[in-house]
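Take a look at the structure below.
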Amino acid sequence: MSSAATPAAVDTVMGAVALSERPRSLWRDAMARLHTRKLNYVYASVLAIYALVAIIAFTPLLGKSVFDAQVGAQYAPPAFTGTVEQGTANEHSTIRPSLWLGTDIAGRSVLYKLLYGTRVALTVSLLASILSVVIGTVLGLLAGYYRGWVDALITWLYTTINSIPWILLMVALAYALKDREFKMFGQEFKLVGIPSIVMALGLTSWVGLCRLMRGEVLKHRERDYVAAAKAVGAGTSRIIFRHILPNTFHLVIIDFTLGIVSFVQAEVILSFLGLGVKDQPSWGVMIDDAKLELMRNVWWQFAGATAAIFGLSICLNFLGDALRDALDPRLRGVD
Amino acid sequence: MRKVKWIFFGYLAVVGALVVGIALSFASVSARDPDTLYIVYISDIKSLDPAEISDVPSSRIAGNLFECLYNYDYYKRPYELISELATALPEISKDGLEYTIHLRKGIHFYDPDGAVWPGKTGPEVKAKDFIYAWKRVLDFHLPNPNAAIFDAVVGADEWQKYTEDTKDESKIDWDRPIAGFEATDDYTIRIKLKEPFPQLVYALAHLPSAPMSREAVDKYKKKTRQHPVGTGPYSLSYNDHLQQQRILLKRNPIYRGGPMVDPGTPVAAKDRLPKMDRIQFEFFEEDLPPWYVFREGLFDYHGIPKDAYGQAIRTGTELTPELVKQGVTLVKEPEPSIYYYGFNMQDPLVGKNKSLRQAMCMAFNRDQFIATFRNGRGMRPVGPIVPGFPTFDPNLKNPYAEFNLEAALEKMKEAVRVNGGEPIPTIRLLLPGSDTTFRQMGDFVQRNMAQIGVTLDVDYTNWANFLEQVEKKKTAQFYQLGWNTDWPDEQNILQLFWSKNISEGGLNSSNYANAEFDKLYEQAKVMSDSPERRELYKKMQAIVNEDCPWMGMFYPMDFALQHRWLKNFKLVDYVHGWMANLEIDKELRKQGLPRG
Amino acid sequence: MQRSQEAQVKLLVDVRLDGANQLSQFPSSPTLPAPATPPPLNAGPPLLQVRNLRTWFPIKRGVFQRTVGQIKAVDGVSFDVQAGRTLGLVGESGCGKTTVGRTILRLIPATTGSVTFKGDDFFAHRGEDLRHLRRQMQIIFQDPVSSLNPRMTVGNIVGEPLTVHNIAWGSDRVDRVAALLQRVGLDPSYASRYPHEFSGGQRQRIGIARALALSPDFIVCDEPVSALDVSIQSQILNLLDDLQRERKIAFLFIAHNLAVVEHFSDEVAVMYLGRIVEKASRTELYANPKHPYTVALLSAVPEPDPRPKKTRIVLSGEVPSPSKPPTGCPFHPRCPLTREAAKQANAADTVEITTAGERVRVLRKCVEEVPPLEQKQGEPGHVAACWVTR
Amino acid sequence: MLAYVIRRILMTVPIVLGILLITFVLFSYVAPDPAFTVAGRGKKPAQLRAIRKEMGLDKPVWLDSRAKAEQDGREYKGHFNSQFFDVVLWRFPESIKYHQPVGELIARKAPVSLAVQLPIFLIELGLQLILALICAFNRGRWPDLVVTFGAVLGMCVPYLSIIILGQSVLGFGAGIFPVAGWDTGLKSVHFMALPILVGVAAGLGGGVRFYRTVMLDEVYTDYVRTARAKGVSRNNMMLTHVLRNVFIPVVTQTVTVLPYLLLGSLLLERMFQIPGLGGLMVEALFNNDRPILLAMTYGISIAYCVMLMLTDIAYTLVDPRVRLS
């Protein structure tokens with residue numbers, strides 16, 4: 001016990017313990033630790049750029065009319081400049097960002113498609129990550145806190161799901177959910193594109209977090225601060241959400257961050273299997289399309305989409321690592 | 001303590017050995033065999049049992065293993081019937097109801113495994129073998145799609161009914177006669193029809209009509225589809241298509257040397273078929289890897305993958321300079337097929353609004369479509385009758401097959417009027433795939449239709465789901481489909497508009513019903529080829545063109561790339577067993593691809 | 001070893017046989033304030049009445065996880081706590097004393113038994129009622145690290161009871177928290193700090209402030225100082241003592257060390273393997289311990305005076321598992337008294353047992369019958385459970 | 001011990017039931033009707049009905065009995081309880097496309113997947129351990145940084161991109177490896193080289209990081225410090241101590257990859273034309289081959305459950321202190 005070693009003199013009534021200038025919550029400590037590595041700011045800014053592009057893609061600035069417009073010849077290779085107003089007297093060459101990454105089969109700008117794809121990638125992975133994290137957290141909390149048959153049921157559920165190889169389950173679910181119509185609350189719903197992918201990814205990926213949460217909650221519910229909260233008459237929901245959840249929340253954050261990476265990658269697999277997004281460009285679809293284009297040595301769409309995924313994944317990975325180091329006390333002191 | 005370290009090092013040694021083993025395996029890689037033809041297959045095959053075959057990939061392979069009474073000449077265009085197992089074209093009675101066919105003598109079944117007949121050479125092919133095979137085609141229990149070819153035969157329905165009623169397949173009495181099929185002697189078959197069916201002779205050149213040995217089928221039962229026993233120029237040597245990998249065909253040693261040759265007749269060595277000792281088919285599912293393999297010169301020709309039309313070819317029909325340098329040549333042939341977008345005529349919106357259909361047909365820019373997706377490898381369709389057919393007229397005037405935006409907009413006004421003045425609601429286009437090409441095509445049509453104010457909701461699905469919606473539930477509103485003709489006779493395509501073919505799973509998938517068309521169709525159906533019949537066909541096409549149950553996309557053009565060492569390669573339809581004509585210039589192949 | 005054991009036993013027997021008051025033998029810690037004059041026991045109805053409390057945990061085994069046995073963590077404990085007084089509860093770790101404290105507060109469900117608080121059956125309440133009653137009973141924990149939520153500020157920790165019971169909000173709450181912090185000797189500005197910024201003693205003060213927030217009448221002090229440095233212990237004990245006098249709070253003071261309890265309790269109960277084996281007023285118990293286990297515990301009290309005055313009694317063997325408590329008197333395998341008594345008793349009244357790999361003779365009665373908690377010689381209310389002592 | 005083994009076996013039962021339940025619901029209620037795939041075009045309604053009947057699709061009921069099925073004149077097939085018994089008897093339905101019992105298909109294709117995945121796994125693990133050791137030995141110095149950074153880079157490239165790059169650059173471009181394909185028996189070994197290389201490259205990163213963390217955890221434990229204080233040579237100590245303690249995570253990891261050794265990789269097998277289960281799965285997906293999808297989902301999952309169970313039991317037999325509950 002470290003407190004036992006505290007010099008007695010320090011523990012006076014006046015509390016002369018050397019306290020820092022500002023109160024240090026564990027979150028603040030974590031932020032401070034993140035702050036010490038300046039590279040983290042690089043990752044964060046790149047992520048911010050991705051997010052910004054995704055947000056712009058929701059506006060008409062990068063809407064369907066932009067990525068869908070024909071900007072050049074079929075499969076024009078990347079070029080810095082291009083001719084505008086062809087065939088008119090005003091024909092001249094100028095810098096054309098739309099041609100920087102070449103064009104696709106329909107003469108559309110690969111760069112614009114790529115930028116728009118950020119929206120799809122981030123939407124899919126954020127929503128799927130939220131879905132998976134919410135399910136995992138809630139079930140983990142319930143199982144760990146209530147124990148008994150609730151725990152038995154949830155443990156059974158996740159052991160079962162865990163026994164089905166993830167890729168099989170995800171593919172089966174994506175296949176089954178694709179374009180399905182169902183009735184709920186007297187209304188017809190149709191799962192097209194993003195919702196069905198989000199569900200397939202989210203519903204199959206919560207097990208890891210749930211198991212982790214359950215273990216942590218089991219540990220925390222035996223801690224004295226929970227007993228103290230009970231003793232002062234705090235209700236179950238207060239104990240779970242004010243006490244246990246904040247103490248396990250770092251797991252959620254780490255899982256959320258790393259979840260996004262795996263979902264961006266999973267979207268490529270689903271696109272390959274024809275279960276991906278349609279009607280709008282996504283990185284997975286672009287890589288899938290590239291399989292044919294490479295027969296003609298059209299590499300730009302492939303390279304662009306791969307690079308986009310690479311950039312996003314690497315920032316999230318490094319930031320996720322940094323977050324894990326900063327938040328997970330178990331790993332503290334290792335790095 | 002120490003043990004752990006040794007386990008680790010031991011394990012590393014195993015890994016090292018593994019890597020070395022794999023590296024060593026490269027030493028023993030054998031080159032391509034000079035007497036084997038190597039063909040890449042990108043689609044999978046379903047069966048090698050002729051009765052079950054309805055897909056082109058399967059019939060291309062099975063066509064080398066079986067022969068029919070008739071075949072088409074490999075080299076001649078338009079297609080010309082030749083007699084293969086028959087001695088001559090059938091003798092047809094005056095009323096067109098009775099066919100008499102004589103068989104070549106001395107042709108034997110060949111059993112490459114020697115499992116049915118230890119000596120491998122089977123019994124002589126006789127009339128009963130044909131009748132047995134035809135009964136199988138009509139067997140309810142076989143998942144066969146070819147029963148329709150014998151619809152006109154007397155007793156065919158009864159036989160089908162009988163097989164359906166016999167719940168236990170093994171209880172079927174194969175000796176039970178069908179009135180329409182009669183073996184007057186071992187070498188003569190008489191076929192009786194309920195009504196004239198002039199296409200019967202084509203049906204007898206169709207692979208499902210190939211003779212089958214009952215002994216072989218009894219021996220292999222359900223596995224018949226993997227153990228073909230036929231009379232063709234090749235025999236199956238190694239079949240691993242279940243592993244999706246390769247099928248090896250070997251020369252049939254008792255083959256008589258050519259389709260038109262009688263057994264025992266000597267054939268000059270240079271004319272003798274098959275030319276190559278072996279054919280190896282290698283199966284791939286993805287397009288990119290086999291393309292690379294072909295580019296390495298390991299396949300002798302490469303039918304350009306159906307989803308990658310035009311990828312290999314720069315524009316139109318011109319090869320990329322790289323390919324030209326390597327001595328690759330392009331082979332092309334128009335296909336007797338059509339691709340179209342079908343309207344569901346039972347749909348309350350598109351089915352009841354002819355003006356809407358006509359407007360949509362005129363708003364569809366086919367030339368641009370063909371240029372974009374087919375690289376010009378297709379023709380703008382003028383009607384359902386496809387190129388190569390006697391009544392095909394490429395200069396036919398069909399206003400609804402031409403892109404005309406003004407006229408389309410004009411028609412749209414009418415369409416809105418028909419719709420009660422309401423704007424046209426969103427129309428759902430169903431596409432049987434979701435890969436790149438389908439997505440891009442969907443986009444294209446969507447944009448075309450948007451020009452006349454029709455909003456399309458494009459729905460991509462898999463083939464099974466597609467069929468379910470189009471043919472079973474009939475819920476599809478607007479969908480993409482194609483038709484490959486079975487024989488060069490217009491009836492084969494016009495049957496898709498006959499109202500009697502509207503049924504669950506029936507051929508008339510657009511559910512088109514037109515009394516006048518039906519009358520003409522039923523009239524022409526029983527006629528033999530004649531100027532009058534051609535006239536009827538033209539009239540029927542005009543009716544369909546006016547009604548627009550289809551929005552034609554294109555008549556496809558078949559393309560393939562071949563290496564310079566491959567000889568006698570032609571793209572064909574209908575013909576079976578044509579691969580026996582292919583030959584390799586061994587010297588050239590040995591030299592490999594020109595570097596540069 | 002053998003010889004010293006004998007010497008110890010001799011001492012014990014002397015204690016028993018003479019019955020002499022040897023108070024002077026026991027040390028008193030000079031750092032602690034002199035104990036207040038003991039108030040008369042049994043004055044008025046008790047604030048808290050615990051009767052026959054049992055907390056058993058099932059042991060599950062086998063294929064179907066059947067309950068094959070019970071861990072009798074608390075097995076029939078009864079005592080009273082008077083308002084404003086302190087009952088010290090002492091025993092080795094694992095004897096169930098912490099479980100008693102938590103069971104009384106219903107942090108652990110009781111198996112049987114009753115707890116009457118202010119004449120009201122505490123176990124009968126549910127839901128909102130129970131929540132309301134909890135205001136009057138609080139707990140201070142042993143571990144100052146785990147008992148404070150690391151993600152909450154001190155202000156929130158201390159103020160939580162006020163929020164939960166809807167007592168104070170906003171600035172009122174801030175003021176109350178400040179007052180509480182001040183009362184336990186912490187600067188009110190610490191309210192915005194987090195627990196990990198404080199030392200052990202300070203954290204324990206935070207815990208006390210939290211317990212005080214609802215102005216309870218009864219607090220379970222679950223070894224509140226055992227994790228602390230000795231010098232800090234006295235500060236905390238002084239604080240508790242002050243608070244008791246000031247607010248008339250009753251304490252159930254749990255400790256494994258008789259020294260701590262001595263200066264803090266009005267009455268002391270000694271627990272062994274889930275049972276109370278001896279209970280008496282503070283002065284009586286220290287002056288005249290009856291149960292051999294109490295005697296052994298007393299001998300383990302550290303002496304500030306370096307000159308040895310008494311031999312330390314080392315009990316042989318391990319504390320038996322509460323899942324398989326010994327038959328009869330649970331203390332008999334380790335009891336030096338019964339061995340001594342067996343030497344003097346008839347052979348027929350003794351029995352040989354194996355304990356800690358050693359064969360010893362003990363009284364048959366000790367092995368076969370559970371001794372009742374009965375009045376012993378001395379002050380009225382001095383009860384002990386032993387067949388040998390009088 | 002026996003009780004533990006029995007309990008562990010019994011614990012598997014509800015999980016197997018759960019797997020069956022999930023797959024049954026997924027394929028009976030959500031997935032599309034496969035009868036059309038069987039039928040192909042131009043089928044008469046009567047024939048379609050017959051096919052649906054044969055596949056047991058005409059009446060999706062939960063519980064069925066042979067007697068009831070006979071009374072209704074339909075086949076006792078495709079219902080939850082009959083499917084359950086199919087699993088117990090390891091009896092699989094027939095594939096729509098291949099007309100073979102799925103069990104036979106799995107038995108034929110699983111070894112192929114294993115033949116590719118096992119070398120991938122072994123080589124990958126070896127490299128991962130070596131690289132992680134390099135990191136642990138040089139913690140914080142440039143070899144550690146380079147390897148860790150490289151590992152993350154490798155993890156961030158989409159698998160499909162790695163495959164395509166491998167095929168076009170190493171296969172077609174450089175001509176070192178065959179692009180894709182397969183052969184019979186040992187002749188296919190050289191076809192495995194590129195898939196193995198690609199598979200190892202794609203999977204390397206995650207493991208390196210994982211084992212590095214595990215090893216670093218070990219390096220700072222007390223006993224390693226004690227051993228070093230005793231004067232055990234640094235390298236020797238690191239190797240022995242670190243390896244011994246990496247042992248359990250390695251075994252645990254191995255257990256989790258077991259099903260993937262059998263299943264193979266969907267993308268890898270499809271792109272390299274490896275006739276394994278992964279390719280079969282993709283094929284079934286494209287063909288709506290319900291019996292394969294269904295049987296593979298539950299077949300592999302149940303096989304995994306059993307493997308997991310056996311591993312757990314083996315653990316306890318080897319080291320009774322380890323009781324995984």
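No hydrogens, no waters, no symmetry mates; every other heavy atom, side chains included, goes into these values. Lettering of chains follows the sequences in order, A, B, ..., and the numbering in each one begins at 1. Computed from a prediction, not measured in an experiment: that's the story for all the values here.
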Once rounded to the nearest 0.5 Å, what's the spacing between atom [atom1] of [X] and atom [atom2] of [Y]?
{"X": "A/Ile164", "Y": "D/Thr297", "atom1": "CD1", "atom2": "OG1", "value": "7.0 Å"}
{"X": "A/Phe272", "Y": "D/Ile163", "atom1": "CZ", "atom2": "CD1", "value": "7.0 Å"}
{"X": "D/Ile15", "Y": "A/Leu157", "atom1": "CD1", "atom2": "CG", "value": "11.0 Å"}
{"X": "D/Leu165", "Y": "A/Thr306", "atom1": "CG", "atom2": "OG1", "value": "6.5 Å"}
{"X": "D/Leu266", "Y": "A/Leu168", "atom1": "CG", "atom2": "CG", "value": "7.0 Å"}
{"X": "D/Leu160", "Y": "A/Trp283", "atom1": "CG", "atom2": "CH2", "value": "15.5 Å"}

Exercise. With side chains defined as the heavy atoms from C-beta onward, is the minimum distance between D/Val152 and A/Phe318 less than 4.5 Å?
Worked result: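 Yes. Closest side-chain heavy atoms under 4.5 Å.
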
Exercise. Is D/Met155 close to A/Gln265 at the side-chain level, that is, under 4.5 Å between some pair of heavy atoms?
Worked result: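 Contact flag for A/Gln265/D/Met155 side chains = no.
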
Exercise. Which pair of heavy atoms, one from A/Thr160 and one from D/Gly18, lies closest together, and at what distance?
Worked result: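 What the structure gives for the nearest pair is CG2-C, 3.3 Å.
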
What part of [X] gets closer than 4.5 Å to chain D, counting heavy atoms only: side chain, backbone, both or neither?
{"X": "A/Leu312", "answer": "neither"}
{"X": "A/Phe302", "answer": "side chain"}
{"X": "A/Asp321", "answer": "side chain"}
{"X": "A/Trp299", "answer": "neither"}

For this session: Go through A/Asn162, A/Thr159, A/Leu273 and name the one with the most non-hydrogen pairs under 4.5 angstrom from chain D.
Result: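 Highest number of pairs under 4.5 Å: A/Leu273.
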
For this session: Return the option, out of D/Leu293, D/Val282, D/Leu263, D/Leu153, with the maximum number of heavy-atom pairs under 4.5 Å with chain A.
Result: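 With the most close heavy-atom pairs to chain A, the winner is D/Leu153.
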
Non-hydrogen atoms of chain A under 4.5 Å away: do they reach the side chain of [X], the backbone, both or neither?
{"X": "D/Tyr159", "value": "backbone"}
{"X": "D/Ile22", "value": "side chain"}
{"X": "D/Leu308", "value": "neither"}
{"X": "D/Leu285", "value": "both"}

